[in-house]
K.L.:
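Provided herewith is a single structure, encoded as structure tokens, for subsequent inquiry.
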Amino acid sequence: MRYLEDVVLKKWSAAVLAGALAVGALAGCGGGDDAGSGDSGGGGGKITMGFSQVGAESGWRTANTKSIQESAATAGIDLKFSDAQGKQENQIKAIRSFIAQRVDVIAFSPVVESGWDTVLKEAKDANIPVILTDRSVDSQDKTLYKSFIGSDFVLEGKKAGEWLVKEYEGKPEPVNIVELQGSPGAAPANDRKAGFAEVIKADPKFKVIASQTGQFTRTDGKEVMEAFLKAHQDIDVLYAHNDDMGLGAIEAIEAAGKKPGTDIKIITVDAVKDGMTALAAGKINYIVECSPLLGPQLMDLAKKVKAGETVEQRVVTEETTFTQEQAKAALPDRKY
């Protein structure tokens, strides 16, 4: 009887040990210390990047998506692309999916600035580096992402304000401004507003008489401008946080029997081809550039962080500004 008990005990112990080894193997593939650091996501050494895009709300965003997709193909990076359709919850879901797939690098352009710490911590715990593109987050823990590549949105707002101040230099009469803001909570909307306000506040003749979101879209820009025109008969300047809202506003201004660029001066940000065309035609007066062509720099950063190299946490893109004559000169070679 004792012999039979010993045999059963040995068989049971062997089964437990085999089960423990199997569980250990699964933990190594799914969520252990090496999760996301091996080549399983990249397929034999090829880097796999999970990218979550804001959406397709503007010509700028479409050009940005194209730049990222084409640059990934050129760099030999396997790109898993997700369109968030302007919703933060969709981006968080996509990032968690990328973590589950054990991609090598996660990159995304945040819909809004706040609310990312939890999912970024999940990526960090999985040893998957994160790169922010175009827009930043307001996380206090800067170790949650490796780098942020994009424009200085505050500086863009300041450039818009500086042109306005110079344009009305020496003119004492009040200047009534309406502002088309980007999506609420988005970094470019917050920062472009803040930079512009900082510059014009020094002169009390500049008055922002109305400021409302146009969601970065041409349709909303037109609708909000229609409302501005009905509510205010004395608009001198429109400041739009992107070209698309400015282009929608132009339609509303023309429908109201006014001449854009003359009756109402217009300042926008982006410098996409449609905006530059309107600037060249005199319907927009000044554009601050915000380049969407971030793809090559993003792929370069992805390769460096995957290799364990130290990268700059903030990479600012080089951009310029355009007047009407400068737009005419630049349009023939404009890529977006």
Side-chain angles (χ1 to χ4, degrees), residues 25-56 61 64-112 115-137 139 141-150 292-315:
L26 287 172
C29 291
D33 289 341
D34 293 331
S37 60
D39 290 331
S40 60
K46 186 176 183 179
I47 295 175
T48 297
M49 174 189 286
F51 185 85
S52 177
Q53 181 61 283
V54 171
R61 190 64 56 190
N64 180 243
T65 292
K66 184 178 180 182
S67 174
I68 289 165
Q69 291 173 332
E70 290 180 349
S71 297
T74 300
I77 291 176
D78 180 18
L79 184 70
K80 296 183 181 298
F81 185 88
S82 176
D83 183 338
Q85 299 179 333
K87 297 179 180 178
Q88 183 179 30
E89 57 267 31
N90 290 345
Q91 286 198 306
I92 291 173
K93 182 178 179 182
I95 292 169
R96 286 185 170 139
S97 174
F98 296 149
I99 293 170
Q101 294 175 67
R102 298 186 67 234
V103 300
D104 297 300
V105 180
I106 292 172
F108 74 110
S109 180
V111 173
V112 294
W116 301 102
D117 284 25
T118 300
V119 73
L120 289 178
K121 179 74 163 49
E122 291 170 16
K124 183 180 178 181
D125 290 344
N127 292 329
I128 301 176
V130 173
I131 300 172
L132 306 177
T133 72
D134 172 41
R135 303 177 177 185
S136 187
V137 298
S139 300
D141 184 358
K142 302 302 181 184
T143 67
L144 294 177
Y145 57 93
K146 292 292 185 181
S147 185
F148 162 44
I149 175 174
L293 307 182
L294 306 181
Q297 287 176 288
L298 174 59
M299 301 311 148
D300 183 55
L301 278 173
K303 289 180 178 180
K304 287 179 178 178
V305 298
K306 179 62 170 65
E309 296 180 29
T310 301
V311 297
E312 292 183 17
Q313 192 170 56
R314 181 68 172 99
V315 180

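The model shown is predicted, which means the values in this text are computed figures rather than measured ones.
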K.L.:
Who passes salt bridge (Lys or Arg N to Asp or Glu O under 4.0 Å) against Arg314, sequence neighbours left out?
P.N.:
none
K.L.:
How would you list, by chain and number, every residue that makes a side-chain hydrogen bond (donor to acceptor under 3.5 Å, both in side chains) with Lys93, sequence neighbours excluded?
P.N.:
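Lys93 satisfies side-chain hydrogen bond (donor to acceptor under 3.5 Å, both in side chains) with no residue once adjacent residues are dropped.
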K.L.:
Is any side-chain heavy atom of Arg96 closer than 4.5 Å to a side-chain heavy atom of Val119?
P.N.:
yes
K.L.:
Can you sort out the partners of Ser97 under side-chain hydrogen bond (donor to acceptor under 3.5 Å, both in side chains), two or more places apart, ordered by chain and number?
P.N.:
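Listed in chain order: Gln101.
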K.L.:
Who passes side-chain hydrogen bond (donor to acceptor under 3.5 Å, both in side chains) against Ser109, sequence neighbours left out?
P.N.:
Arg61, Asp134
K.L.:
Looking only at heavy atoms, which two atoms of Met299 and Ala75 are closest? And how far apart?
P.N.:
CB-CB, 4.0 Å
K.L.:
Are the side chains of Lys146 and Val105 in contact, using a 4.5 Å heavy-atom criterion?
P.N.:
no
K.L.:
For Val305 and Val311, which heavy atoms make the closest approach, and how far apart are they?
P.N.:
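Heavy atoms of Val305 and Val311 come nearest at CG1-CG2, 3.8 Å.
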K.L.:
Out of curiosity, Glu122 CD to Ile128 CD1, how far, rounded to the nearest 0.5 Å?
P.N.:
10.5 Å
K.L.:
Only counting residues at least two apart or in another chain, list the ones meeting side chain to side chain contact (heavy atoms under 4.5 Å, CB included) with Asp117.
P.N.:
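So Asp117 forms a side chain to side chain contact (heavy atoms under 4.5 Å, CB included) with Ser139, Leu144.
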K.L.:
Might you point out which heavy atoms bring Gly86 and Val111 nearest each other, and give the distance in Å?
P.N.:
O-CG1, 3.5 Å
K.L.:
Is a side-chain N or O of Ser67 found less than 3.5 angstrom from the main chain of Gly295, in a donor-acceptor match?
P.N.:
yes
K.L.:
My understanding is that only residues two or more places apart in sequence, or in another chain, count here; which of them pass salt bridge (Lys or Arg N to Asp or Glu O under 4.0 Å) with Lys124?
P.N.:
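For Lys124, no residue satisfies salt bridge (Lys or Arg N to Asp or Glu O under 4.0 Å) once neighbours in sequence are set aside.
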K.L.:
Would you give the length of the straight line joining atom CG of Asn90 to atom CG of Asp83, rounded to the nearest 0.5 angstrom?
P.N.:
8.5 Å
K.L.:
With side chains defined as the heavy atoms from C-beta onward, is the minimum distance between Val137 and Phe148 less than 4.5 Å?
P.N.:
no
K.L.:
With no hydrogens and no angle check, is any side-chain donor or acceptor of Asn64 less than 3.5 Å from a backbone partner on Pro292?
P.N.:
yes
K.L.:
Measure the CZ-CG distance between Phe108 and Leu132 for me, rounded to the nearest 0.5 Å.
P.N.:
5.0 Å
K.L.:
Return the minimal non-hydrogen interatomic distance between Ala302 and Ile47, and the atom names on each side.
P.N.:
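Looking at all heavy atoms of both residues, the shortest contact is O-CD1, 4.4 Å.
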K.L.:
Using only atom types and a distance under 3.5 Å, with no angle test, would you say the side chain of Ser147 pairs donor to acceptor with the backbone of Glu312?
P.N.:
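Checking the backbone N and O of Glu312 against the side chain of Ser147, a donor-acceptor pair under 3.5 Å is found.
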K.L.:
For a 4.5 angstrom cut-off between non-hydrogen side-chain atoms, does Arg135 reach Val54?
P.N.:
yes
K.L.:
Quick one: side chain to side chain contact (heavy atoms under 4.5 Å, CB included) partners of Gln88, sequence neighbours excluded?
P.N.:
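Residues passing side chain to side chain contact (heavy atoms under 4.5 Å, CB included) with Gln88: Ile92, Val112, Trp116.
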K.L.:
Could I get the full list of side chain to side chain contact (heavy atoms under 4.5 Å, CB included) partners for Thr310, not counting sequence neighbours?
P.N.:
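With neighbours one apart ignored, the set is empty.
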K.L.:
To the nearest 0.5 Å, what is the distance between CG on Asp300 and CD1 on Ile77?
P.N.:
9.0 Å
K.L.:
Using 0.5 Å steps for rounding, measure from the CD1 atom of Ile68 to the CG atom of Leu293.
P.N.:
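Ile68 atom CD1 to Leu293 atom CG measures 10.0 Å (nearest 0.5 Å).
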K.L.:
Search all heavy atoms of Ile106 against all heavy atoms of Ala123 and return the closest pair with its distance.
P.N.:
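That would be CD1-CB, 4.3 Å.
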K.L.:
Of all residues at least two apart in sequence or in a different chain, which pass the side-chain hydrogen bond (donor to acceptor under 3.5 Å, both in side chains) check with Thr65?
P.N.:
Gln53
K.L.:
Going by the rule salt bridge (Lys or Arg N to Asp or Glu O under 4.0 Å), which residues pair with Lys142 if we only count those two or more places apart in sequence or in a different chain?
P.N.:
none
K.L.:
Taking side chain to side chain contact (heavy atoms under 4.5 Å, CB included) as the test, write out the residues that go with Lys66, two or more places apart.
P.N.:
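Lys66 satisfies side chain to side chain contact (heavy atoms under 4.5 Å, CB included) with Glu70 once adjacent residues are dropped.
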K.L.:
Going by the rule ring-ring contact (aromatic ring centres under 6.0 Å, His included), which residues pair with Tyr145 if we only count those two or more places apart in sequence or in a different chain?
P.N.:
none
K.L.:
Apply the test side-chain contact (heavy atoms from CB on, under 4.5 Å) to residues Phe98 and Thr48: give CA-CA distance (whole Å), side-chain angles for both, the deciding distance (0.1 Å), then the verdict.
P.N.:
CA-CA 10 Å; Phe98 296 149; Thr48 297; over 6 Å; no
K.L.:
If you look at every heavy atom in Gln91 and Ala84, which pair is closest and at what distance?
P.N.:
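So the minimum-distance heavy-atom pair works out to CG-CB, 3.1 Å.
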K.L.:
Tell me, with the steps shown, if Asp141 and Lys121 meet side-chain contact (heavy atoms from CB on, under 4.5 Å).
P.N.:
CA-CA 10 Å; Asp141 184 358; Lys121 179 74 163 49; 5.8 Å; no
K.L.:
With rounding to the nearest 0.5 Å, note down the distance linking CG in Leu301 to NZ in Lys306.
P.N.:
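It comes to 15.5 Å.
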